[in-house]
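These notes are about the structure you will find just below.
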Amino acid sequence: MLVHGGLPWVRRGARRLTGASLALLLGCSGAAQAPSAARPARVVKTPPARSKAPEGPPLLPAHVIAELEDEDATPYFARRGDEALLLYAAGGRLRTRVLGADGAPRGDVAEVGPVAADVPVAALRATPQGYIAAWIEQTEGGRAVRVLALDPAGKPSGPASLVAQTAEDITWLEVLPNAAGALVLWEMPREAQDSAAQDSAAQDSVDRVDVVMTVVAQGKGAAIKPTAPASVARAVLGWNAVATERGAAVALVLPPARGERKPARKADAEDAPGAPKLGSIALLEIDAAGKVSAPVTVSPEPTAQIDLEVASVGGRYLLTWTDERDIDSAVFVAAVEPGGKVVVAPRQATPPSGEQALVSLVAPSAEGGGRALLAWEDLLRLRGGERGGADARGEGRLIHLASVGPDGALSAERAGLVFSASGPPDLVADGDGFAAVTLAPATLKASRGEAAPPVWPTFVRFGPDLSVRAAEPVRAAPFAATDGVPYLVRGLSCHKGACTTLASAAAGAPAQQGGAGAAGGRAGAAGAAGRGAPLALVSLPVRESAWRAPASREDRDPPPRATAVRALVEGDHIARVAAAELDGGGALAAWVTYFVEGASDRAPRGQDLSATLAVRAASPGGPGKLNVISQKASSIGGVAIAAAPPAPADAKGKGGAAQGESVLAWVARERGETQVYVTKLDATGAKVAQKKLTTAPRKKQGGAASEASDVAIAYDGAGGFIVAWVDSRDGNAEVYAARIDRALNRTVPDRRITNAPLDAAEVQIAVRGQEAWLVWSDARPAGDAAAGAAGGAGEPSGEASGDIFLARLDVKTLQRIGDESRLHASPEHSRSPVLAPLEGGAVVGWVDEVAGGGTAAGGGAAAGGQARFVRLDSGGAAQGPPLAVAAPDGAGVSSVALACDKVCRGVLASAPGDSVVLNAFTLAPGEASAPSLKPLAWLTGSASQDVSPVFAGRSGGSLFFADDSVSGAGRVRWMTIAWP
């Protein structure tokens with residue numbers, strides 16, 4: 001396989017970068033695999049700084065086979081039956097060496113001919129007659145393509161043939177062998193023709209490429225007869241080719257026609273610098289004589305990124321790419337029969353999991369089981385250092401693996417592979433399984449994690465079910481000067497159950513002559529102990545190992561775990577998210593965007609716009625229609641939603657409702673003033689009715705207008721709703737409440753609930769029988785008389801840092817029942833309370849944010865604080881001191897979501913680095929120790945974002961939260977979670 005694209009390509013989010021050099025190794029078993037400008041090379045480079053190697057584990061068998069003059073020089077390698085050929089440059093000459101099945105050199109080095117000083121790209125492939133090599137070289141007048149035939153002993157049949165020479169650029173080339181010889185394809189950059197693409201081309205060096213070919217007929221004696229160059233495709237965004245018995249199949253990413261361009265997203269316009277080029281997918285075939293078929297449209301939508309890959313699987317062409325037809329990018333697959341019939345229409349390959357990125361598609365081996373390997377990355381899922389790789393430590397990406405058949409269906413068996421680098425790991429077919437060389441933390445199974453492990457190139461061999469057969473760091477005797485670890489590892493190859501990889505030392509590093517481990521062997525070529533870079537062929541056996549594998553089976557991962565992640569909206573950054581469960585298993589999610597008054601000029605002249613308030617239904621069938629409720633909402637007002645069951649009919653059978661109704665509470669800003677509004681919604685989230693709940697005067701002479709903020713709402717169990725909010729109409733911010741009926745009429749007008757000298761914030765509400773419970777954060781001094789009946793744990797502090805308070809109200813009158821109570825007093829600032837009813841009472845959680853960057857009282861998180869949870873009895877009294885829960889690795893807790901049924905399930909958001917991670921936990925009744933946390937996902941937004949997680953319903957099965965996409969746009973995401 002070969003991936004091509006017409007521009008230096010960077011996937012959004014910098015998770016996959018093209019920082020590696022064009023050094024690469026070709027010729028692994030099965031279809032050819034190679035990167036281009038559109039894909040980083042499969043070169044694993046050991047970091048320069050690394051810890052000392054652990055003592056004890058044996059080294060891998062290896063043979064020194066050559067010396068490279070430059071440590072970054074590229075050798076080329078191809079297997080042909082039980083033998084292989086090495087092609088490399090030394091002393092201005094091309095040289096070859098035949099290797100046996102065990103990797104040992106057979107005979108001496110053979111000189112092939114002169115080589116140009118500048119050869120940016122080359123390829124070597126095995127053919128029935130021997131081998132064919134082709135390369136691009138720099139000439140005085142531009143670029144040239146040359147082709148050379150080699151016999152099975154690696155000797156040339158004649159001088160290299162010049163097949164193309166041009167003053168224009170040639171950026172990539174590939175050799176696709178067949179029974180009669182080979183097709184040699186190369187690409188030439190072209191400027192975009194339409195104005196929109198030309199604007200983009202000003203930011204990128206290349207926008208389109210032409211694909212050109214020559215037919216190389218290889219007769220007896222390995223003589224070749226290249227044809228004149230002929231066009232394959234013009235002005236395409238990207239391409240990918242696979243060799244077949246009939247010739248080749250070429251998959252294309254075609255630019256959209258004028259007027260067909262995918263609508264640009266806000267903050268991610270298609271013509272913005274760095275934005276991925278998108279197009280449609282087509283496929284054409286070339287026979288051995290060079291006849292090109294007409295392209296067949298595979299995916300007409302102009303939504304495919306240029307990372308297209310194609311492989312021959314089970315007699316079909318399997319195509320895969322990253323697609324952006326929905327809000328989240330996703331990996332798509334399609335299948336085409338030879339001749340051009342699309343037999344599997346484009347579809348998403350995996351369940352929704354947030355933004356995805358294709359890593360690679362690996363064709364099955366000739367002796368394998370007929371299934372390919374699909375590798376992809378979920379940008380919201382766990383990082384490699386957090387779970388995958390059998391408890392591997394350290395930062396890294398987690399690459400997901402699954403086998404895929406000719407029908408495009410993925411296997412139930414899944415594996416995760418840690419990769420601590422930017423480009424893709426080296427992946428090839430290994431008999432009926434697969435093999436990988438990755439860069440990952442190297443730890444022994446017996447290690448207890450006393451020190452940070454070194455990051456080394458490591459091989460993994462997988463069985464057909466993706467179980468790990470073997471795994472070890474690539475360490476061999478020729479690299480004794482660096483603890484056995486090579487400088488570069490590339491060219492993973494497997495044949496008949498034996499796998500090898502090329503490895504080289506840095507220039508000037510001494511190499512041990514001869515074999516290593518059990519292999520023995522011969523000395524290297526051309527003075528391997530000199531100043532050059534020793535090149536060794538390292539065997540990767542299946543054997544017992546003391547090393548911990550950087551891979552593991554994912555389908556055996558116990559819950560809690562995320563089962564699907566979908567984006568509900570993309571656009572402005574999100575300030576607050578709310579959700580409510582509906583009858584039938586669905587939910588309504590609502591959100592308000594982040595808007596700073598006076599900081600935006602997006603409102604048309606004469607219009608008064610603020611934050612956007614929107615609602616969308618989420619059901620097992622997927623998201624529903626997006627409903628924009630208002631564009632005059634207040635970000636600080638927040639949003640809350642509560643659902644009610646269907647209304648009962650009256651005595652005459654009238655007035656009933658077949659479906660439940662939901663009511664949205666929010667704050668509108670009109671002419672600079674804020675008021676609380678309530679909106680009735682149907683099951684799809686569409687607006688049915690709307691009324692203003694408050695009419696408080698907001699203007700003040702000589703001062704700022706008062707504000708309404710932090711709304712909350714709950715169904716009262718008797719056909720109405722109770723709304724609570726924070727209001728500063730009387731000076732400082734106090735908690736207010738009102739009751740409405742189903743028609744949104746007030747049945748209990750605004751009632752002030754609190755009366756304290758300092759501000760209240762972030763009120764939450766829940767109804768228990770005939771009582772409505774309110775919790776909020778209040779900055780009143782610890783000795784305030786209103787908190788005298790606290791009964792909460794902890795000694796009061798002398799400062800007003802903010803504590804969590806509880807008030808109980810009568811549902812019908814909203815009169816307070818008893819005194820307010822302080823649930824916990826501490827020197828930290830307590831904020832962001834959550835309230836979840838539980839049998840016999842409720843559970844309250846909140847975040848203790850440490851003032852001044854110290855450590856939270858009682859031990860726990862750093863500057864961001866920790867979470868606390870306290871269980872309340874039926875009278876609202878705390879049952880013991882709050883339980884402190886710290887985030888992993890000393891990270892600060894930013895927010896908490898809580899849902900309680902028979903047990904409480906929660907999600908804790910923390911920021912251990914530059915992004916946010918969601919951790920799941922379970923609180924059983926009466927639990928006295930802090931629960932264990934399990935990471936659910938790393939988010940793509942920044943660590944400073946409040947993701948506002950919230951559950952819909954009491955089961956904790958649906959979580960909604962805010963996040964920024966890798967492109968920077970705000971998103972609301974819906975995650976379904978499987979719990980124990």
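Predicted model, so just to flag it, every value in this text is computed and none were measured.
Residues L284 and I286 are in side-chain contact: their nearest non-hydrogen atoms beyond the backbone lie under 4.5 Å apart. Annotation: side chain of R490 is in contact with side chain of S504 (closest heavy-atom distance under 4.5 Å). Within the 4.5 Å cutoff, the side chain of F434 has no heavy atoms near those of the L427 side chain. A 4.5 Å side-chain heavy-atom check between L358 and L374 finds at least one atom pair inside the cut-off. Using a 4.5 Å heavy-atom threshold, the side chains of V109 and Y88 count as touching. With a 4.5 Å cut-off on side-chain heavy atoms, P364 and V313 count as touching. Contact of the V145 side chain with the L173 side chain is registered, since non-hydrogen atoms from C-beta on lie closer than 4.5 Å. The shortest distance between side-chain heavy atoms of L86 and Y76 does not fall below 4.5 Å.
Remark: L176 CG to T244 OG1 distance equals 8.5 Å, nearest 0.5 Å. Rounded to the nearest 0.5 angstrom, T303 OG1 and E324 CD are separated by 8.0 Å. Between T139 atom OG1 and Q165 atom CD the span is 5.0 Å, to the nearest 0.5 Å. In this structure, CG in D207 is found 6.5 Å from CG in L237, a value given to the nearest 0.5 Å. In this structure, CD on E187 lies 3.5 Å from OG1 on T171, to the nearest 0.5 angstrom. A distance of 12.0 Å separates CH2 of W321 from CG of N240, quoted to the nearest 0.5 Å.
For the residue pair Q356 and V331, the shortest heavy atom distance occurs at OE1-N, 2.8 Å. Summarising the geometry of G315 relative to E337, their closest heavy-atom pair is O-OE1, 4.1 Å, with the distance given to 0.1 Å. Minimum interatomic distance between G247 and N178 (heavy atoms only, all atoms of both residues): CA-ND2, 4.2 Å. Closest heavy-atom contact between A243 and P177: CB-O, 3.6 Å. For P159 against L148, the heavy-atom pair with the smallest separation is C-CD1, 4.0 Å. For the pair E285 and G340, the tightest heavy-atom approach, listed with the atom from each and the gap, is OE1-N, 4.1 Å.
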Before giving the answer on side chain to side chain contact (heavy atoms under 4.5 Å, CB included), spell out for I281 and L252 the whole-Å C-alpha distance, their side-chain angles and the decisive distance to 0.1 Å. CA-CA 6 Å; I281 302 296; L252 305 170; over 6 Å; no

Worked check of side chain to side chain contact (heavy atoms under 4.5 Å, CB included) between W135 and V121: CA-CA 6 Å; W135 62 89; V121 179; over 6 Å; no

Can V298 and Y317 be said to form a side chain to side chain contact (heavy atoms under 4.5 Å, CB included), step by step? CA-CA 11 Å; V298 178; Y317 305 128; over 6 Å; no

Test M213 against L185 for side chain to side chain contact (heavy atoms under 4.5 Å, CB included), laying out the working first. CA-CA 4 Å; M213 72 169 178; L185 277 63; 3.9 Å; yes

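At distances below 3.5 Å, at least one donor-acceptor pair connects side-chain atoms of R80 with backbone N or O atoms of P128. Without hydrogens or angle criteria, R79 side chain to H495 main chain gives no donor-acceptor distance under 3.5 Å. E69 places a side-chain N or O within donor-acceptor distance of the main-chain N or O of G91, the cut-off being under 3.5 Å. Remark: side-chain polar atoms of T320 are paired, donor with acceptor, to backbone N or O of F332 under 3.5 angstrom. Counting only distance, with no hydrogens or angles, the side chain of D426 and the backbone of L492 share a donor-acceptor pair below 3.5 Å. Side chain of D307 to main chain of T322: a donor-acceptor pair is present (N/O by atom type, distance under 3.5 Å, no hydrogens or angles). Not a single donor-acceptor pair under 3.5 Å links the side chain of R97 to the backbone N or O of A66. R190 contributes no side-chain N or O that, together with a main-chain N or O of D210, makes up a donor-acceptor pair within less than 3.5 Å. Between the side chain of T227 and the main chain of V215, a donor-acceptor pair closer than 3.5 Å is present.
The local environment of CG in D108 is sparse, with at most 12 non-hydrogen atoms from other residues, nucleotides or ligands closer than 6.0 Å. Taking a 6.0 Å sphere around CZ of R93, one finds it holds more than 12 heavy atoms contributed by other residues, nucleotides or ligands.
For R143 and D169, the salt-bridge test passes: some basic side-chain N is under 4.0 Å from an acidic carboxylate O. Between E137 and R146 there is a salt bridge, since a side-chain N of the basic residue sits under 4.0 Å from a carboxylate O of the acidic one.
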